[in-house]
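None of the values given here were measured: they were computed from a predicted structure. As the structure lists them, so they are numbered: ligands from 1, and atoms in each ligand from 1.
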Amino acid sequence: MNDKSKVPVHVSIIMDGNGRWARQRGQERVYGHSHGVESVRACVEAAVETGVRYLSLFAFSEENWGRPDSEVSTLMGLMFKAIANEMAALKKQGVRFRVLGNVDRLDKELLTSIRDAEAMTAPAPGVEPVLDLIIFLSYSGKWDILQAAKKLAKKYASDPEGLENASLDDLSGLLVTAGVPDPDLIIRTSGEQRISNYLLWQAAYSELLFVDTLWPDFRKEEFRSALEEYSKRNRRYGKVK
Ligand code: IPE
Ligand code: IPE
Ligand code: MG
């Protein structure tokens, strides 16, 4: 893609289909999850190569806590391992790593390693990261809107007129994604065509792309073709163009 203006600033991916990928191979679901980590690495590289500035990945939803304990702990274990294994390389590439979501529900040890990784990859003052890598963990869109609404109500607890005048930007600034531009492109793998309670507010004008590829098979080539597809979209934002 030569036209830089057609490269999305923020690409977000609902990484789905690990279980089916494993089943197709006669393996347990966890086998798919561990191969999914390879796809994360590939997409980070592809994002850096193509000039995408923000890559966010839906790794675990609030609803996913309802899966069997063994699967939940495997997923959390993979997260822990990935942080330990990948952070030095991410830092070296100039990638800023962050985890967003209802992190109070996470195991304390995992949360500590997340906070350490965030501090380690935080850019020095005045330095812009090559890529912001955001992992949504224990995240749901409705939860995010609710926690922002509660903060807004608290902020204006003794100022009803202030609350009356609160703007869309005021609420946006209280979502966990405050300061992150809304996704230009949201990709969902595995053929499912739904949002599954992901970025509800932030997806207001995102381009949606549903691909049949299962997440463990979604690598650089698939990432690049998604960007190609995006470059053909005509974003009108309700206007005439
Ligand atoms: C995505 O793959 C990973 C998570 C949601 C944590 P799935 O585990 O949902 O795989 P399928 O959809 O059952 O194939
Ligand atoms: C969505 O996938 C959540 C993540 C990819 C983290 P799910 O597999 O949980 O979604 P549903 O249940 O098919 O909607
Ligand atoms: Mg799924």
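- When the Mg ion (ligand 3) is compared with the N/O/S atoms of Asp16, atom OD1 turns out nearest.
- Heavy atoms from other residues, nucleotides or ligands lying under 6.0 Å from CD of Gln27 number more than 12.
- Looking at heavy atoms from C-beta onward, Leu214 lies in side-chain contact with Gln24 at the 4.5 angstrom threshold.
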Please tabulate protein-ligand N/O pairs under 3.5 Å for ligand 2, atom names and distances to 0.1 Å.
{"residue": "ligand 2", "atom": "8 (O)", "partner": "Asp16", "partner atom": "OD1", "Å": "3.2"}
{"residue": "ligand 2", "atom": "8 (O)", "partner": "Arg67", "partner atom": "NH2", "Å": "3.2"}
{"residue": "ligand 2", "atom": "9 (O)", "partner": "Asn64", "partner atom": "ND2", "Å": "2.9"}
{"residue": "ligand 2", "atom": "9 (O)", "partner": "Arg67", "partner atom": "NH2", "Å": "3.4"}
{"residue": "ligand 2", "atom": "10 (O)", "partner": "Arg188", "partner atom": "NH2", "Å": "3.2"}
{"residue": "ligand 2", "atom": "13 (O)", "partner": "Arg194", "partner atom": "NH2", "Å": "2.8"}
{"residue": "ligand 2", "atom": "14 (O)", "partner": "Arg194", "partner atom": "NE", "Å": "2.8"}
{"residue": "ligand 2", "atom": "14 (O)", "partner": "Ser196", "partner atom": "OG", "Å": "2.6"}

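- Taking every non-hydrogen atom of His33 and a distance limit under 4.0 Å, the qualifying atoms of ligand 1 come out as 3 (C), 8 (O).
- Between Tyr198 and Phe58, the angle of the ring planes stays under 30°, which puts this pair in the parallel group of the 30/60° scheme.
- In this pair, Trp21 and His35 present their aromatic rings tilted. The plane angle is within the 30 to 60° band.
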Inset, instruction - Carefully, step by step, assess Phe223 and Leu55 under the rule side-chain contact (heavy atoms from CB on, under 4.5 Å). - result: CA-CA 11 Å; Phe223 188 91; Leu55 175 67; 4.0 Å; yes

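- Here the CD atom belonging to Glu71 is positioned 10.5 Å from the CE atom belonging to Met76, to the nearest 0.5 angstrom.
- Within ligand 1, the atoms closer than 4.0 Å to a non-hydrogen atom of Arg29 are 7 (P), 8 (O), 10 (O), 13 (O), numbered from 1 in the order shown.
- Annotation: Glu63, atom CD; neighbour count of heavy atoms from other residues, nucleotides and ligands within 6.0 Å is above 12.
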